[in-house]
Amino acid sequence: MERNLMKGNEALAEAAIRAGCKCFFGYPITPQTELSAYMAKRMEKAGGVFLQAESEIAAINMVLGAAATGVRAMTSSSSPGISLKSEGISYIAGSDLPCVIINVQRGGPGLGGIQPSQADYWQATKALGHGDFHLLVYAPASVQEMINMLTKAFDLADEYRMPAMILADGLLGQMMEPVTFPEIKANVVEKPWATNGHQFKRKHNIVNSLYLQPDGLQKTVQDRFVRYEDIKKKHSEAELYKTEDADIVVVAYGATARVAKSAVNKAREAGIKAGLIRPMTLWPFPEKQIVEGTKAASDVLVVEMSMGQMVDDVKLSLECSKPVHFFGRTGGVIPKPTEIFDEIIKIGGAK
Amino acid sequence: MAKMEVNFEKCKGCGLCTTSCPKNIVVMQKEKRNKKGYFTAECIDMSACIGCAMCAMMCPDCAITVEK
Amino acid sequence: MAVVFEKPKALADVSTHYCPGCTHGIIHRLVAEVIDEMGIEGDTIGVCPVGCSVMAYNYFNCDMIEAPHGRAPAVATGAKRAMPDKYVFTYQGDGDLAAIGTAETVHSATRGENIVIIFVNNTTYGMTGGQMAPTTLPGQVTQTTPYGRNTETQGYPIRVCEMLATLDGVALAQRVAVDSVPHIREAKKAIRKAFENQKNKRGFSIVEVLSTCPTNWGLTPIESLTRLREDCIPYYPLGVYKDITAEEVVK
């Protein structure tokens, strides 16, 4: 298979085109800009639509319109832009439409900064818009994984009729790594609900999130949560690294997990039984894998590029059965392997 | 020979149709309310109806059918 | 005898939720008549706004999408770009189109998005109970301008057709009214022209329809027609503000 050296943002764009994404609607924002630029160059030649919208709000609503007609549609942005998209994402979830949204995270709040961050974990997993709903959230840790996860995100979004997000960060977006593009199986999902013109062959379709009867809205939301339960059962993913005998287990996702892995290796060299759990899906959160991977551990250390967000889900997964420590860097500062190693020593030394 | 017919249950009694009849034969009756509680429009002299459909064109509820 | 007037087929056989005398019903019917006459119901996708016509998806028999407030032109853009062979129209009120959705309106227009926009201007937010809209006339009393719209503090109304007519991407910008049969006939012609423009890939067409809101104006349906004629039309003159097909004829 052909191997290419590609930037994370460009790999995401190419992977989307290969996954059958027909429409891309973007708006410039650092550090995801290369993605739009790549789409502008490639999309039309690939027979799709590239459009630079007047705002992130317009872009996500264009995704809504395109997705409603049954085609694969995508938008990408970075943290402040994702906040603007949250209205549309709520409507997309409420209308049971599939689509993919990419967040190449940067530091916040407000304009924050343009350096890598993981401070949008809560937003992505708990609060991307008003109302009771979830997104599928994938957290890649390499450029290759961005490609693999994007394909899966489109497939599952279609299967479950819901939005999916790739929660990357500025580090992964800007990083260049060798990648191969897997052969894509033609994954054609029937979309009998699509508003693509009834041709007098069926009753008219309506894509809508409004239910004025409380019972009707409750039933719709409850039905959606039945699907969510199915996803939780089947699709949570995590990588477990040297956890079988680990006394201290580090939990980290995305780019931070790569740094954490170096620290774990360093700790092993120093004779400390350290391990790593890397959540690959953030919603559904890999609760079982967290429990499984920390069986032997006395302590858990969560490392994030934030003041501590995923740490809540780790604590909930473990139900206070063991101490969960936290180490975080924020505002665009990337933690160093030595810093994480020192934290491991600190926790281990306290025993 | 023409005929206008008001769908009794669809009419909301707004009276817009009465403003457009060139023969002034469409009026609001004041005796019988429909299920929604509205007094509805009616034609008081069908023999004078010319089937111009101007009443129907003013109707916001598609409650009027015209034949000619 | 033959039927000379009945409900168009593209309109569902249901009673609408609109108040008695609200002219939304007339405008719905005109759009449906055009869809029938062009035989395009099976190839049409409508986009509803947030506002009184939010539930228009229950009234049109073509496929329908319900958009977030003000975003109908963006949703329509997405649908049209994905399905360029389908007819896509939005149906929006003045609050939706000219306040919260101004950016989406202006930019879909300037892109020359090949869609039809039916813009219903009744100078108020009807659904929420009659607040000041971007189109509320100077001096007009609404729930949020209880002493009348004061232009010193609340600014001036937006004349949407005049504004959009300055943009190169616009194929048709026309203002019509539904206060009388002659005006209703004119309105239908404009809507037909807008859909024909889409068929011929001419770009963005907007038909602004001056409409009434008897409930929130505090007038009877018939008095509302009078207000439309005497107060609204003078401020919002009817007419064609841009029509590239007319320019083609002149050339």
Side-chain angles (χ1 to χ4, degrees), chain A residues 21-25 27 43-44 48-75 85-92 94-95 97 99 129-130 193-212, chain C residues 9-12 17 35 39-51 54-88 90 100-111 113 115 127:
Chain A
C21 175
K22 176 138 188 258
C23 294
F24 176 85
F25 303 103
Y27 186 83
M43 198 51 151
E44 264 182 52
V49 173
F50 165 83
L51 184 60
Q52 181 170 322
E54 60 271 29
S55 68
E56 281 98 346
I57 297 171
I60 190 70
N61 282 288
M62 290 172 187
V63 168
L64 192 161
T69 68
V71 306
R72 284 189 165 179
M74 182 171 105
T75 185
K85 289 185 195 296
S86 63
E87 174 200 56
I89 294 171
S90 170
Y91 278 75
I92 287 170
S95 307
L97 292 176
C99 73
H130 61 282
W193 46 264
T195 50
N196 51 4
H198 62 55
Q199 303 282 335
F200 297 100
K201 287 174 186 154
R202 55 164 169 78
K203 211 175 152 278
H204 77 149
N205 282 338
I206 300 171
V207 166
N208 172 41
S209 62
L210 177 68
Y211 297 83
L212 286 180
Chain C
K9 292 191 171 55
L11 215 52
H17 70 286
I35 291 173
I40 57 171
E41 186 194 309
D43 293 302
T44 299
I45 303 163
V47 183
C48 311
V50 172
V54 65
M55 284 181 291
Y57 52 74
N58 286 328
Y59 306 144
F60 288 104
N61 283 334
C62 55
D63 279 356
M64 297 295 289
I65 305 172
E66 210 299 295
H69 199 20
R71 318 297 175 219
V75 171
T77 297
K80 183 69 184 180
R81 295 282 179 130
M83 301 270 146
D85 297 335
K86 305 293 171 188
Y87 292 85
V88 179
T90 74
I100 193 164
T102 314
E104 285 79 2
T105 304
V106 170
H107 285 274
S108 56
T110 199
R111 280 195 305 268
E113 219 50 73
I115 56 174
M127 174 66 101

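Hydrogens, waters and symmetry mates play no part in the numbers below; they use all other heavy atoms, side chains included. Naming convention: chains lettered A, B, ... in sequence-line order (proteins, then strands); numbering from 1 in each chain.
For a residue to count as touching a neighbouring chain, one of its non-hydrogen atoms must lie under 4.5 Å from one of that chain's; by this rule C:Ile45 touches chain A with the side chain only. For A:Val71, the part sitting under 4.5 Å from any heavy atom of chain C is the side chain, from C-beta outward, and nothing else. At a 4.5 Å heavy-atom cutoff, the contact between A:Ala194 and chain C is made by backbone atoms alone. Contact annotation for A:Phe200: both backbone and side-chain heavy atoms come within less than 4.5 Å of a heavy atom of chain C. For A:Ile60, no part lies under 4.5 angstrom from a heavy atom of chain C. Contact of C:Tyr87 with chain A is not made at all, since no heavy-atom distance falls under 4.5 Å.
Taking A:Leu51, A:Ile57, A:Leu210 one by one and counting their heavy-atom pairs under 4.5 Å with chain C, the maximum is reached by A:Leu51. Ranked by heavy-atom pairs under 4.5 Å with chain C, the list A:Asn205, A:Thr69, A:Val49 is led by A:Asn205. Note: C:Arg71 leads C:Glu66, C:Glu104, C:Arg71, C:Lys80 in heavy-atom pairs under 4.5 Å with chain A. Of the listed residues (C:Pro84, C:Ala79, C:Ser108), the one with the most heavy-atom contacts under 4.5 Å to chain A is C:Ala79. Chain A forms more heavy-atom pairs under 4.5 Å with one residue of C:Ala82, C:Ala67, C:Gly101 than with any other, namely C:Ala82.
Considering OH of A:Tyr91 and NE2 of C:His69, their distance stands at 8.5 Å, rounded to 0.5 Å. For the atom pair OG1 (A:Thr195) and CE (C:Met83), the distance works out to 8.5 Å, reported to the nearest 0.5 Å. From C:His17, atom NE2 reaches atom CG of A:Leu212 across 8.5 Å, with rounding to the nearest 0.5 Å. Taken from SG in C:Cys62 to CD1 in A:Ile206, the straight-line distance is 9.5 Å, to the nearest 0.5 Å.
A side-chain contact (heavy atoms from CB on, under 4.5 Å) with C:Asp63 holds for exactly one of A:His204, A:Gln199, A:Lys203; it is A:His204.
With a 4.5 Å cut-off on side-chain heavy atoms, C:Val106 and A:Glu54 do not count as touching. Between A:Asn208 and C:Met55 the shortest side-chain heavy-atom distance does not fall below 4.5 Å. A:Leu64 places a side-chain heavy atom less than 4.5 Å from the side chain of C:Pro68.
Heavy atoms from other residues, nucleotides or ligands lying under 6.0 Å from OH of C:Tyr57 number more than 12.
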For C:Thr77 and A:Asn61: C-alpha separation, side-chain torsions, deciding distance, then whether side chain to side chain contact (heavy atoms under 4.5 Å, CB included) applies. CA-CA 9 Å; C:Thr77 297; A:Asn61 282 288; over 6 Å; no

